[in-house]
Amino acid sequence: WSSDVCSSDLVDRYSRFAKIGGEMISLSTVQQMVEAVVDEPEAQILAVAVPDDAKGESIVLLATVELDKGWLRTRLLEIGGWPCFMPGAA
């Protein structure tokens, strides 16, 4: 997980879906779920897919705020996120 700021404005993603273990996961759904649990009005968050040797792809978040992996995972599961929706470590 990285909270390094890549740019002052996160604009868009290359792909709309990640294929993880044969499942197509909507990156915009993951992003919306993260935005729902992160209580930072100025936060910019973008979910992107990156290659993963074991699963095909992993989801990584680009964020302008610090995100705690354990807290985020717990909160996403509490609001109904599937484990495959969880952003991977990068």
>> Looking at Asp52, is its backbone amide N or carbonyl O close enough to the side chain of Ser58 to form a donor-acceptor pair, meaning the two atoms are under 3.5 Å apart?
In response: no

>> When you measure from the side chain of Gln31 to the backbone of Ile45, do you find a donor-acceptor pair of N or O atoms at a distance under 3.5 Å?
In response: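 Pair found, side chain donor or acceptor close to backbone of Ile45.
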
Separation of [Y] [atom2] from [X] [atom1] (nearest 0.5 Å):
| X | Y | atom1 | atom2 | result |
| --- | --- | --- | --- | --- |
| Leu72 | Leu61 | CG | CG | 6.5 Å |
| Arg16 | Met24 | CZ | CE | 9.5 Å |
| Glu35 | Glu40 | CD | CD | 12.5 Å |
| Met33 | Ser26 | CE | OG | 10.5 Å |

Locate the shortest heavy-atom distance separating [X] from [Y]; write the atom from each residue and the value.
| X | Y | answer |
| --- | --- | --- |
| Val60 | Val50 | CG2-CG2, 3.5 Å |
| Glu57 | Ile20 | O-CG1, 3.2 Å |
| Ala18 | Ile59 | CB-CG1, 4.0 Å |

